[in-house]
There are 2 protein chains.
Amino acid sequence: MPDPLFAPTENAAEPDLESQLSQARAIARKAGKTLTPVREYFYKRLLCEGPLGAYELLAGLDGVASAKPPTAYRTLEFLQELGLIRKLQSVSKYIATPLSAVSSPMAFVVCRQCGLTEKLECDPAQTSVFDRARKSGFDQLDATIEISGRCGRDDCPGDRLRTGRST
Amino acid sequence: MPDPLFAPTENAAEPDLESQLSQARAIARKAGKTLTPVREYFYKRLLCEGPLGAYELLAGLDGVASAKPPTAYRTLEFLQELGLIRKLQSVSKYIATPLSAVSSPMAFVVCRQCGLTEKLECDPAQTSVFDRARKSGFDQLDATIEISGRCGRDDCPGDRLRTGRST
DNA sequence: TGTATATCGTTATAACGTAACTTTTTTGAT
DNA sequence: ATCAAAAAAGTTACGTTATAACGATATACA
Ligand SMILES: [Zn+2]
Ligand SMILES: [Zn+2]
Ligand SMILES: [Zn+2]
Ligand SMILES: [Zn+2]
């Protein structure tokens, strides 16, 4: 039984922001939709700042927009439907999808201490959970694969013991 | 690169409730803890009724206990720490772990229409996401693997079209 | 008996998410 | 240009999920 193959994303040079944005606009246009200013703002922040919560994104709209929850959740739903972002269910945060993976499953590794998140692309043809699900009669499958753990970095707040930074 | 192997759980005769309970008590005892009445009540309901939310569980305590959120979340945390239950992050519900899997990763397939949930045991030694996470320096790994989809059953509310039950 | 630890009670509030309805903007045909 | 339809955004009001913080009891066991 063959299985998921995971490959790290964006480990080398991170793609240019403007290029990502214009590709995202193209994806939206292809779906008959448009990237309005708020949508673009959310997407940009998720591209640049990593996992953020709905209210964190909203807070950045001070004045720019009405800054109320439905705006945030509508925007996030829109971006999710295009595959441009995903929700990290285990931490209720949202994260930008690498453009190479907008239409394939992904996995995430999340540090439970500091939130550091690693993105992994996942080969759908080799992911046996999917096979199992289909064998059980399920279709329209959508994966949530999140590994939480402790990143081993020296500056991870959970690692105080290792670095000797007092109690 | 080898990968996860998923096997369905409890497809044959479901184990006896009393036997599950006494095994659970033994697991608690081994950890220097005890299954108090509320803990046992939550565990029983999750064994018998499938995925339930914290407030659903709480509601069943009418009179029996103080029935306030911290009681529920403390109880759920306790049972999770023993591995007796898990949280379905994608639906914010809790589900009993088969005793054969208290200390190994699991995957779940959840119908987004009717909530039908299938449990899958997962061989940790063959789960490549774990390998990837470790290679990145993560440890103390904990998996959230949830596939959401549409179960194909005739009585699934999302399947009205297939069964011709009006609009 | 006393001290530590485990467990439970209670109040209050934070964090996350949605329903339902209105208004504005955009689009595209006449 | 004008108007109708569709898309997007605004607004109010809630619902649901989860935690902080502190106090009271109970239990274990030296
Ligand atoms: Zn930026
Ligand atoms: Zn960390
Ligand atoms: Zn029962
Ligand atoms: Zn279903």
Side-chain angles (χ1 to χ4, degrees), chain A residues 24-25 27-43 46 51-82 84-95 110 112 115 144 146 148, chain B residues 24-25 27-43 46 51-82 84-95 110 112 115 144 146 148:
Chain A
R25 281 188 211 103
I27 288 171
R29 199 165 38 246
K30 222 177 295 181
K33 309 280 164 104
T34 55
L35 275 199
T36 61
V38 175
R39 290 167 177 175
E40 192 166 310
Y41 171 78
F42 273 34
Y43 182 53
L46 293 173
L52 293 172
Y55 284 71
E56 287 178 285
L57 287 160
L58 207 46
L61 289 179
D62 277 337
V64 178
S66 58
K68 269 149 195 164
T71 296
Y73 287 100
R74 276 199 288 241
T75 304
L76 291 168
E77 186 187 20
F78 174 88
L79 294 171
Q80 279 180 283
E81 278 164 0
L82 290 185
L84 293 173
I85 67 170
R86 320 230 171 183
K87 181 176 180 185
L88 293 174
Q89 300 282 1
S90 56
V91 291
S92 293
K93 294 195 182 304
Y94 302 82
I95 189 169
V110 183
R112 65 169 65 89
T144 294
E146 298 170 20
S148 76
Chain B
R25 281 187 211 103
I27 287 171
R29 199 165 37 245
K30 223 176 293 181
K33 310 278 164 104
T34 55
L35 276 198
T36 61
V38 175
R39 290 167 178 177
E40 191 165 312
Y41 171 77
F42 273 33
Y43 182 52
L46 292 174
L52 292 172
Y55 284 73
E56 287 177 284
L57 288 159
L58 207 46
L61 288 178
D62 279 336
V64 179
S66 56
K68 269 149 195 163
T71 296
Y73 288 100
R74 278 199 286 242
T75 304
L76 291 167
E77 186 187 19
F78 174 88
L79 294 170
Q80 280 179 282
E81 278 165 0
L82 290 184
L84 293 173
I85 67 170
R86 318 228 171 184
K87 182 177 180 184
L88 293 174
Q89 301 282 2
S90 56
V91 291
S92 292
K93 293 197 182 304
Y94 302 82
I95 189 169
V110 183
R112 64 169 65 89
T144 295
E146 299 170 19
S148 77

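It should be emphasised that the depicted structure is a prediction, and the values quoted were computed from it without experimental measurement. All chains are named by letter (A, B, ...) in the order of the sequence lines, taking the proteins before the strands, and each is independently numbered beginning at 1. These values consider heavy atoms only, across backbone and side chains, with no hydrogens, waters or symmetry-generated copies.
Near DNA chain D, defined here as any heavy-atom distance below 4.0 Å, the residues from residues 29-38 of chain A are Lys33(A), Thr34(A), Thr36(A), listed numerically.
The distance from atom CZ of Phe78(B) to atom P of dC8(C) is 8 Å, rounded to the nearest whole Å.
Side-chain contact between Lys93(A) and Lys87(A) is absent, with no heavy-atom pair separated by less than 4.5 Å. Taking 4.5 Å as the limit, some side-chain heavy atom of Leu76(B) sits within range of a side-chain heavy atom of Leu57(B). Contact annotation: the side chain of Leu88(B) approaches that of Glu146(B) to within less than 4.5 Å [non-hydrogen atoms, C-beta and beyond].
When DNA chain D is scanned in the 5' to 3' direction for atoms under 4.0 Å from non-hydrogen atoms of chain B, the outermost contacting nucleotides are dT17(D) to dA20(D).
Side-chain polar atoms of Arg112(B) and Ser148(B) form a donor-acceptor pair below 3.5 angstrom. Checking Gln89(A) against Ser90(B) by side-chain atom types alone, no donor-acceptor pair falls below 3.5 Å.
In terms of modelled atom types and a separation under 3.5 Å, the side chain of Tyr41(A) and the main chain of Gly60(A) share a donor-acceptor contact. At distances below 3.5 Å, not a single donor-acceptor pair connects side-chain atoms of Arg39(A) with backbone N or O atoms of Leu79(A).
Atom CD of Glu40(B) and atom CG of Leu84(B) lie 11.0 Å apart (nearest 0.5 Å).
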At under 4.0 Å between heavy atoms, which parts of nucleotides 17-26 of chain C does protein reach? Answer with one letter per nucleotide, 5' to 3': B base, S sugar-phosphate only, - none. BBB-------
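With Phe42(B) as the fixed residue, the side chain to side chain contact (heavy atoms under 4.5 Å, CB included) test singles out one of Ile85(B), Leu35(B), Leu61(B): Leu61(B).
Annotation: cation-pi geometry not satisfied between Arg86(B) and Tyr94(B) (NZ/CZ under 6.0 angstrom from ring centroid, within 45° of ring axis).
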